Trainee: 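Let me begin by handing over the structure; questions about it come next.
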Amino acid sequence: MLALGKLLDLTLADHEPAEKTQVTVGGVRLRWLGEGALEVRPPEAQDKQLDLLLSAGIHGNETAPIELLEKLLHGIASGKIKPQVRILFLFGNPEAIRRGERFVEQDINRLFNGRHELSSGDEALRAAELEQFARVFFSLPGRARLHYDLHTAIRGSKIEQFALYPFKEGRKHSRRELARLAAAGMEAVLLQSKSSITFSAFTYEQLEAEAFTLELGKARPFGQNEQVNLSRLEARLVQIIEGTEPETQDALDGLKLFSVSREIIKHSDSFHLHLPADIENFSELSKGYLLAEDLAETRWVVEEEGARIIFPNPKVKNGLRAGILIVPDSGQHLV
Ligand SMILES: O=C(O)CCC(=O)N[C@@H](CCC(=O)O)C(=O)O
Ligand SMILES: [Zn+2]
């Protein structure tokens, strides 16, 4: 296998390879762009005009997605997988990956869409660098653009694998992309209704990619991910990469749709979330339930029919999202 295919080993060792470009026997070109960043280019004659960005390790302790990308890369570098699309592999937060922690000083996934400019430190610099890698990668005109940012969650979930679909004013969510996600094993999609500061929101809002955050199970250390079943996602990604994806029907195949009703923002150290510590994502909350309290007698009371909570986390920094209140969505606005 080509040495550049071992991007995780290079990243864990904090090692810059001497040889930056390597070519497989099948003529696939691998190019090391920087720490945790590798571009894959198919031979020109086989190029299907799709640019695919696959990122993982934006949170350093979310190892199952990192292992999946590394497996795909090994397949490409050994000639077993034969790409017909351009791919950019990114490991988001190398230092946090080395430490096995979500982040070192700040959550990178709250530093996109300009936020890194208001901040400082290594993670702000890395967010700017990731934006630049993505901007250059998605700069070729006339090609389809797709970004999957792979994550695992802090807590268990009533719905194990799901996607978050960013929002941009005037742009509609695509039924075809949802069908593709269903075929990749996603059981639900959360349709966002406002601009955000995550990596997938950046590529969706600013680079015109179809972009998603994929939540794939519970975060565990390297080598302990046997409970995270990524076989359907892996199979679909190989099909996309090899250009053998079956014609996607628009059928959503039982995919559950939700939209955001409210984001719960933690404003101060007095913030208190009234949920058990082990509550699972997608737990239902009944109307009238006092969900959270903050200073100045701010109260978050559930008013929505069919409300559920995802990503409850009272430990986030002040000013950040401490949970999302979601409701079922009929899909009537899809295009
Ligand atoms: O489990 C949690 O509380 C967080 C899991 C996680 O990292 N989720 C992403 C979602 C990104 C998005 O909203 O698109 C995150 O919080 O960054
Ligand atoms: Zn994450």
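If you're wondering where the values come from, they're calculated on a predicted model, not measured in any experiment. Atoms within a ligand are numbered from 1 in the order they appear, just like the ligands themselves.
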Trainee: Please check this pair: side chain of Arg145 against backbone of Phe138, looking for a donor-acceptor N/O pair closer than 3.5 Å.
Mentor: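 The answer is yes, because a donor-acceptor pair under 3.5 Å joins these two groups.
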Trainee: Examine distances only and state if a side-chain atom of Arg102 and a backbone atom of Ala96 form a donor-acceptor pair shorter than 3.5 Å.
Mentor: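 No, the answer is negative, given that no donor and acceptor are paired below the 3.5 Å cut-off.
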Trainee: Show every salt bridge (charged side-chain N to carboxylate O under 4.0 Å, His left out) that has at least one partner inside residues 22-39, sequence neighbours left out.
Mentor: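 Qualifying pairs: Arg31-Glu39, Glu35-Arg98, Glu39-Arg41, Glu39-Arg86.
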Trainee: So which residues, sorted by chain and number, lie with a heavy atom under 4.0 Å of ligand 1?
Mentor: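 Lining ligand 1: His59, Glu62, Arg102, Asn109, Arg110, His151, Ala153, Ile154, Leu164, Gln192, Thr198, Thr213, Glu215, Phe311, Arg321.
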Trainee: Within the stated cut-off of 2.8 Å, is an N/O/S atom of Glu62 closer than that to the Zn ion (ligand 2)?
Mentor: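 Short answer: yes, at least one N, O or S atom is under the cut-off.
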Trainee: Name the orientation class of the two ring planes belonging to Phe202 and Phe199 (parallel below 30°, tilted from 30 to 60°, perpendicular beyond 60°).
Mentor: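 The rings of Phe202 and Phe199 lie parallel, inter-plane angle below 30°.
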Trainee: My understanding is that only one of Tyr165, Phe167, Tyr148 makes a ring-ring contact (aromatic ring centres under 6.0 Å, His included) with Tyr204; could you say which?
Mentor: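 It is Tyr165; the other options fail the test.
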Trainee: Which atom name would you report as the N, O or S atom of His151 nearest the Zn ion (ligand 2)?
Mentor: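 Answer by atom name: ND1.
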Trainee: For the Zn ion (ligand 2), find the closest N/O/S atom on His59 and give its atom name.
Mentor: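 It is ND1, the N, O or S atom of His59 closest to the Zn ion (ligand 2).
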Trainee: Could you tell me if Arg180 sits above the aromatic ring of Phe212, with its cationic atom closer than 6.0 Å to the ring centre and no more than 45 degrees from the axis?
Mentor: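 No cation-pi geometry.
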Trainee: Give me the ring orientation class for Phe258 and Phe282: parallel if the planes are under 30° apart, tilted from 30 to 60°, perpendicular past 60°.
Mentor: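 Rings of Phe258 and Phe282: tilted, as their planes differ by 30° to 60°.
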